[in-house]
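The figures that follow rest on heavy atoms only: side chains count, while hydrogens, waters and symmetry mates do not. The chain is numbered in sequence order, starting from 1.
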Amino acid sequence: MATDTLKSTSSADSATGGLRRLLLDNGALTALIVLVIAMSALSGDFLTTDNLLNVGVQAAVTAILAFGVTFVIVSAGIDLSVGSVAALSATVLAWSATSHGVPVFIAVLLAVVTGIAAGLVNGFLIAYGKLPPFIATLAMLSVARGLSLVISEGSPIAFPDSVSHLGDTLGGWLPVPVLVMVVMGLLAAFVLARTYIGRSMYAIGGNEEAARLSGLRVKKQKLAIYALSGVFAAVAGVVLAARLSSAQPQAADGYELDAIAAVVIGGASLAGGTGKASGTLIGALILAVLRNGLNLLNVSAFWQQVVIGVVIALAVLLDTLRRKAGSTPVAGASQGGKGRQAATYGLAAVVTVAIVGATSFLHNGSSSTANPKAGLSLSTLNNPFFVQIRSGAQAEAEKLGVDLTVTDAQNDASQQANQLQNFTSSSLGAIIVNPVDSDAASNSVKAADKAKIPVIAVDRGVNKASVDALVASDNVAGGELAAKSIGEKLGGKGKIVILQGQAGTSAARERAEGFAQGLKAYPGIQVVAQQPADFDRTKGLDVMSNLLQAHPDVQGVIAANDEMALGAIKALGSKAGKSVSVVGFDGTPDGLNAVKDGTLYASVAQQPSQLGKIAVDNALKALEGKKVEETIKVPVKVVTKENVAGFTG
């Protein structure tokens with residue numbers, strides 16, 4: 001009996017230890033399973049074929065970037081430039097294929113060569129220039145982004161149709177980005193596990209000096225490693241641009257952080273020497289499932305950042321625990337180890353399907369509600385103008401009994417495409433979109449049209465796609481009014497500067513066009529400088545401070561929004577409203593207060609609350625099958641100190 005008891009206790013301890021080791025060795029996979037089960041239980045819209053394919057599409061670009069970053073991190077390096085290199089490669093492809101008539105195949109090769117060149121420069125600076133990887137790739141981040149803006153002149157470049165097909169589906173259901181992701185993942189796994197350079201990555205990451213003393217040509221290997229990262233970044237850029245039907249010079253901004261996060265969540269160590277492609281894929285899927293599920297649950301984009309940050313921290317903590325437990329998975333595992341890993345993945349899939357299938361019954365028949373549902377995707381909520389659009393929309397939705405889901409694209413056209421895909425695959429009855437870019441939103445709006453979901457565009461239109469209605473002010477006309485205001489204030493002559501919006505956005509282009517047209521009526525007005533300040537108050541302050549050093553005698557400022565105008569006022573100090581007249585755009589609360597104080601001469605107000613209100617009204621009409629006007633213009637108004645008291649916004 002004692003022997004039996006001892007055996008039983010020993011078996012239990014062994015089972016517990018085995019389970020503990022399994023969870024430690026496959027922490028990312030465990031986390032993914034838990035997330036899928038949780039999202040399936042919390043949202044009836046999560047576990048649908050369309051939405052699961054959406055998750056795959058939304059993970060594709062991050063995963064492809066992350067596969068390349070895996071090579072670098074395994075070798076104890078870092079690459080902060082992959083997002084900018086992706087944007088540059090896509091820009092080179094679109095620019096060469098459209099502006100110079102280069103055959104698409106050659107243009108794609110040029111894009112890949114661009115990625116290789118950027119990677120080689122990174123590798124050379126690190127291996128031969130002895131620069132820390134953080135500094136070298138940080139420099140390339142800036143250089144590549146700048147070249148992308150220079151080549152594109154700050155505007156998106158439409159993709160040829162033959163390239164845009166990379167964003168389509170095969171057989172009407174399999175998204176091409178998912179297929180490309182799988183192919184690149186298999187290639188990354190092959191390189192890591194089956195090639196000389198893959199083994200070199202682990203050797204360099206484990207102990208660079210020992211690798212050098214053993215005869216490994218470390219410097220040349222680093223060149224190849226960073227070149228490979230550049231290749232994967234170029235492919236990711238092409239896939240991203242194909243989804244958006246255009247090369248966006250500001251595309252993939254910040255994606256390098258997502259790529260690094262995916263690699264770390266997938267089990268790689270920033271200290272080098274460990275990591276695998278399958279783990280990286282799981283890490284990218286975790287990020288995609290998180291964002292997709294949190295969108296479906298209508299969680300604020302700000303809180304989404306908090307959640308993702310916590311997940312990354314937990315992933316690093318798990319890596320620490322795994323190391324303390326002596327569990328450090330590396331490449332080159334034995335056949336038995338690979339068999340156990342395959343069995344683990346198979347068991348995980350079976351368990352997940354079983355539990356998810358059970359939780360899906362919780363949502364049978366519960367998707368219908370008394371209230372109509374609509375989604376509002378805003379280009380950003382980091383700007384008072386769009387916050388007012390949201391406020392107007394939410395107030396009207398509450399009044400009309402509409403369940404309104406609001407998302408923040410954070411000025412990222414790709415993130416907005418993901419949000420619109422989520423809206424389309426969920427049970428929403430209508431979609432309201434304020435595009436980050438009019439061209440980039442086209443594919444997502446086409447998908448909504450195909451699903452018979454009414455789409456209302458607000459503030460900015462959607463090119464190459466049909467919307468039920470456009471609720472907007474005229475940015476070009478508003479720009480002309482701003483120019484007229486400053487021209488009349490200065491008596492038709494004087495020196496002014498123009499603070500432009502974020503390069504690549506339609507609002508920045510249209511307002512700049514309006515400024516230029518309006519100033520033609522005032523030949524005595526001299527524009528001494530035009531610089532972008534990205535619709536940001538702090539950047540408006542910095543740019544204006546710099547311009548004042550070169551042009552201290554400036555007499556007027558036109559800013560493409562009130563935030564930049566308020567930054568310029570801060571830089572001007574006592575000159576604002578006295579010797580220098582400043583005109584803003586949007587009519588935000590802070591801008592109107594500055595008009596009252598006299599520091600801001602005028603603001604071209606768009607009545608953003610009315611834009612949101614009217615958009616919801618028309619979305620409900622379209623949802624109910626009623627006829628809506630194709631274009632609803634909300635008049636802009638020049639607000640000065642004389643009429644600001646009667647302006648309600």
Side-chain angles (χ1 to χ4, degrees), residues 142 145-146 149 154 250 380 382-385 411 475 478-491 493-505 507-516 518-519 522 524-606 638-641:
S142 181
R145 185 68 65 185
L149 289 166
Q250 294 286 8
T380 180
N382 193 29
N383 183 308
F385 175 78
N411 278 324
N475 277 316
E480 292 179 4
L481 286 175
K484 180 180 179 182
S485 298
I486 201 74
E488 291 178 349
K489 176 64 175 176
L490 298 182
K493 55 184 178 180
K495 296 180 179 180
I496 69 169
V497 300
I498 295 177
L499 298 182
Q500 302 167 324
Q502 186 175 25
T505 60
R509 295 195 304 272
E510 291 166 2
R511 293 179 187 186
E513 181 184 343
F515 297 156
L519 289 173
Y522 302 94
I525 298 289
Q526 180 186 0
V527 180
V528 295
Q530 299 188 62
Q531 289 293 328
D534 298 346
F535 293 128
D536 183 78
R537 189 181 303 198
T538 302
K539 290 184 179 179
L541 168 61
D542 293 341
V543 171
M544 192 66 213
S545 297
N546 296 337
L547 293 178
L548 284 174
Q549 301 304 310
H551 308 286
D553 56 344
V554 68
Q555 297 162 280
V557 177
I558 301 177
N561 79 337
D562 284 345
E563 286 295 287
M564 294 187 296
L566 293 169
I569 288 170
K570 191 71 174 178
L572 289 165
S574 60
K575 292 182 179 180
K578 297 178 181 177
S579 59
V580 181
S581 299
V582 182
V583 175
F585 207 118
D586 283 344
T588 64
D590 285 350
L592 296 179
N593 286 334
V595 171
K596 292 177 185 177
D597 295 339
T599 53
L600 184 64
Y601 169 65
S603 178
V604 179
Q606 295 194 83
V638 177
V639 181
T640 63
K641 199 168 186 177

- Task: Kindly indicate, with the supporting measurements, whether the criterion side-chain contact (heavy atoms from CB on, under 4.5 Å) is fulfilled by Val582 and Thr599.
- Result: CA-CA 8 Å; Val582 182; Thr599 53; over 6 Å; no

Where do [X] and [Y] come nearest, in terms of heavy atoms and distance?
X      : Y      : value
Ala568 : Leu499 : CB-CD1, 3.9 Å
Gly584 : Ala565 : CA-CB, 3.9 Å
Gly587 : Ser603 : N-OG, 3.0 Å
Ala560 : Gly501 : CB-N, 3.8 Å
Ser574 : Lys578 : O-CD, 3.4 Å

- Task: Return the set of residues passing salt bridge (charged side-chain N to carboxylate O under 4.0 Å, His left out) with Lys641 (not counting sequence neighbours), or none when no residue passes.
- Result: none

Would you say the side chain of [Y] lies within less than 4.5 Å of the side chain of [X], judging by non-hydrogen atoms?
X      : Y      : answer
Glu563 : Phe535 : no
Gln250 : Asn411 : no
Ile525 : Ile486 : no
Leu547 : Val554 : no
Ile496 : Val557 : no
Leu572 : Met544 : yes
Ile569 : Leu600 : yes

Under the side chain to side chain contact (heavy atoms under 4.5 Å, CB included) test, residues paired with [X] that sit two or more places apart:
X      : result
Ser579 : Lys575
Ala482 : Phe515, Ile558, Val583, Val604
Asn546 : none
Gln500 : Ile498, Gln530, Pro532

Nearest 0.5 Å, what's the [atom1]-[atom2] distance between [X] and [Y]?
X      : Y      : atom1 : atom2 : answer
Asp536 : Leu566 : CG    : CG    : 11.5 Å
Gln502 : Asn383 : CD    : CG    : 10.5 Å
Phe385 : Asn561 : CZ    : CG    : 10.0 Å

- Message: Let's go through Met564 and Asp534 carefully: what are the C-alpha distance in whole Å and the side-chain angles of both, what is the deciding distance for side-chain contact (heavy atoms from CB on, under 4.5 Å) to 0.1 Å, and is it a yes or a no?
- Response: CA-CA 8 Å; Met564 294 187 296; Asp534 298 346; over 6 Å; no

- Note on the structure: Quick note, side-chain hydrogen bond (donor to acceptor under 3.5 Å, both in side chains) partners involving residues 580-597, not counting sequence neighbours, are Arg511-Asp586, Arg537-Asp590, Asp562-Thr588, Asp586-Gln606

- Task: Starting from the C-alpha separation in whole Å, work towards a yes-or-no answer on side-chain contact (heavy atoms from CB on, under 4.5 Å) for Lys484 and Tyr522.
- Result: CA-CA 8 Å; Lys484 180 180 179 182; Tyr522 302 94; 3.5 Å; yes

- Side-chain H-bond candidate by donor/acceptor type, Asn475 with Glu510, under 3.5 Å: yes

- CG of Asp542: more than 12 outside heavy atoms within 6.0 angstrom? yes

- Message: Determine whether a donor-acceptor pair (N or O, by modelled atom type, separation under 3.5 Å) exists between the side chain of Gln555 and the backbone of Lys495.
- Response: yes

